[in-house]
Amino acid sequence: MTEKDIKGHSHQLEQYVLLAKSARGAALTALIKQVLEAPALYVFGELIEMSNIQELAKTENAPFWQLLNIFAFGTYTDYKDNMGTLPPLTPVQIKKLRHLTIVSLASKSKFIPYSLLLKELEISNLRELEDLIIEAIYADIIHGKLDQKNKQLEVEYAMGRDIKPETVGTIAEILQDWCQSCDSILNSIDKQIGRANTYKEKKTMQKNTVEAEVENLRKAIKATSQSDMVDEGVPGVSSFQSQQYQQKTVPPGKQKGIRGSGKVFGAQVRR
């Protein structure tokens, strides 16, 4: 049951709880009848816990106390098994108790065969059964769909019913075991995360070390290559520089001698 459902049912029951505080005897039994017929009221825990309601179990009105407990915790079959000692049900009460029986079955299985529903609700007509299920869905106490092909009710959600006081201890133990299991799982996950982070950090450090070594090696290779090119006179570097140097250092006298020889030769020809 969702928080919204709990608040809604509690609000509807609250008015009857207030009335029950001052009711006694016949007035109290009449109030119980009203509660069991009240539309959209499917939880009765607060009413059952009241001291004057519990006192009914020790009086001549004990059957009404028993009937209220069946609506809170039991099923339609429980009523039929004890109907000889219980007050008769009105048509509205019968329908509500059948709705509550569907809720109980839905809390145990997601798929409820029509055959089981017909038996538990003591209904012989399939159309009547489907109408009853549809009414329960519209009452928002179950969510699901009718699977007519496979002749079953497929349940998606069912409201929670009242919890018997004697089962509270068992439920607490179950919840405690569940909490311990959750803690164990969380501790295991934390350890896995710690190992994963350690592994990641180790791999990151290794990667950074390798990258630094590769960079240093690249610089060393580059420096060695440049030194070898200068020392061995690699074409395109040292030879080119040597040619430029030689061109710049040709003796100026040699160049003038060549030009001077040309002039003298030309003068002799004219004579």
Side-chain angles (χ1 to χ4, degrees), residues 1-14 17 40-51 53-54 66 68-79 81 96-117 119-121 132-133 136-147 149-206:
M1 184 184 297
T2 64
E3 183 179 355
K4 180 180 178 181
D5 294 330
I6 294 173
K7 289 181 178 179
H9 289 294
S10 297
H11 177 71
Q12 294 177 38
L13 185 61
E14 184 178 355
V17 172
L41 181 55
Y42 291 93
V43 292
F44 315 94
E46 292 183 48
L47 195 63
I48 290 176
E49 291 175 358
M50 297 183 65
S51 58
I53 294 291
Q54 292 180 359
Q66 296 171 1
L68 181 60
N69 276 267
I70 287 177
F71 270 78
F73 313 117
T75 64
Y76 187 71
T77 300
D78 295 328
Y79 174 79
D81 292 341
K96 177 181 283 191
L97 187 54
R98 282 173 169 167
H99 284 170
L100 290 168
T101 302
I102 295 175
V103 171
S104 293
L105 294 172
S107 66
K108 298 176 181 178
S109 175
K110 184 178 180 181
F111 301 97
I112 310 174
Y114 281 178
S115 58
L116 178 60
L117 288 167
K119 178 182 177 181
E120 292 292 324
L121 303 176
L132 186 70
I133 294 172
I137 293 174
Y138 277 115
D140 202 32
I141 58 175
I142 63 167
H143 295 169
K145 60 182 179 180
L146 302 175
D147 186 351
K149 180 180 178 180
N150 297 309
K151 295 183 179 180
Q152 63 183 5
L153 168 63
E154 183 176 343
V155 181
E156 298 174 358
Y157 154 86
M159 62 163 275
R161 297 193 63 182
D162 292 302
I163 301 173
K164 293 182 178 181
E166 58 267 25
T167 62
V168 173
T170 302
I171 294 174
E173 291 177 0
I174 294 173
L175 292 175
Q176 182 64 33
D177 292 341
W178 179 75
C179 289
Q180 291 176 354
S181 298
C182 290
D183 290 338
S184 177
I185 293 172
L186 288 174
N187 290 333
S188 177
I189 292 174
D190 288 339
K191 291 179 180 178
Q192 292 290 344
I193 292 174
R195 282 195 288 266
N197 289 335
T198 301
Y199 179 79
K200 179 181 178 182
E201 292 174 359
K202 181 179 179 181
K203 286 298 180 181
T204 301
M205 292 177 63
Q206 290 177 349

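Positions are given from 1 along the sequence.
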Notebook entry, point to check: Can the positive tip of Lys96 be found less than 6.0 Å from the middle of the six-membered ring of Tyr42, inside 45° of the ring normal?
Noted result: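 Geometry flag: set, cation within 6.0 Å and 45°.
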Next item on the list: Classify the ring geometry between His143 and Tyr157 as parallel (under 30°), tilted (30 to 60°) or perpendicular (over 60°).
Entry: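 The arrangement is tilted - the two ring planes meet at 30° to 60°.
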If every non-hydrogen atom of [X] is compared with every non-hydrogen atom of [Y], which pair is closest and at what distance?
| X | Y | value |
| --- | --- | --- |
| Ala72 | Ile48 | CB-CD1, 3.3 Å |
| Glu46 | Leu13 | CB-CD2, 3.8 Å |
| Ile142 | Ile102 | CD1-CG2, 3.9 Å |

I'd like to know if the side chain of [X] and the backbone of [Y] have a donor-acceptor N/O pair within less than 3.5 Å.
| X | Y | result |
| --- | --- | --- |
| Thr198 | Gly194 | yes |
| Arg161 | Gly74 | yes |
| Asp81 | Asp78 | no |
| Thr204 | Lys200 | yes |
| Thr101 | Tyr76 | yes |
| Asp162 | Gly45 | yes |

Working to the nearest 0.5 Å, report the span between [atom1] of [X] and [atom2] of [Y].
| X | Y | atom1 | atom2 | result |
| --- | --- | --- | --- | --- |
| Ser104 | Ile112 | OG | CD1 | 9.5 Å |
| Leu41 | Phe71 | CG | CZ | 10.5 Å |
| Glu120 | Arg98 | CD | CZ | 12.0 Å |
| Leu153 | Lys110 | CG | NZ | 11.5 Å |
| Asp177 | Cys182 | CG | SG | 11.0 Å |
| Thr75 | Leu100 | OG1 | CG | 10.0 Å |

Check: When you look at Ile137 and Lys145, which way does the side-chain contact (heavy atoms from CB on, under 4.5 Å) test go after all the steps?
Finding: CA-CA 9 Å; Ile137 293 174; Lys145 60 182 179 180; over 6 Å; no
Note to self: If we check side-chain contact (heavy atoms from CB on, under 4.5 Å) with Leu121, which of these qualifies: Leu116, Thr77, Leu132?
What the structure shows: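 The option that passes is Leu132.
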Item checked: Any residue meeting side chain to side chain contact (heavy atoms under 4.5 Å, CB included) with Ser107, in chain and number order, not counting sequence neighbours ->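 By the side chain to side chain contact (heavy atoms under 4.5 Å, CB included) rule, Ser107 matches no residue at all.
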Note to self: Apply side-chain hydrogen bond (donor to acceptor under 3.5 Å, both in side chains) to residues Asn150 and Asp147 and explain how you reach the verdict.
What the structure shows: CA-CA 6 Å; Asn150 297 309; Asp147 186 351; 2.7 Å; yes
Notebook entry, point to check: Phe73 versus Ile163: any side-chain heavy-atom pair under 4.5 Å?
Noted result: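 Counting from C-beta outward, Phe73 and Ile163 never come under 4.5 Å.
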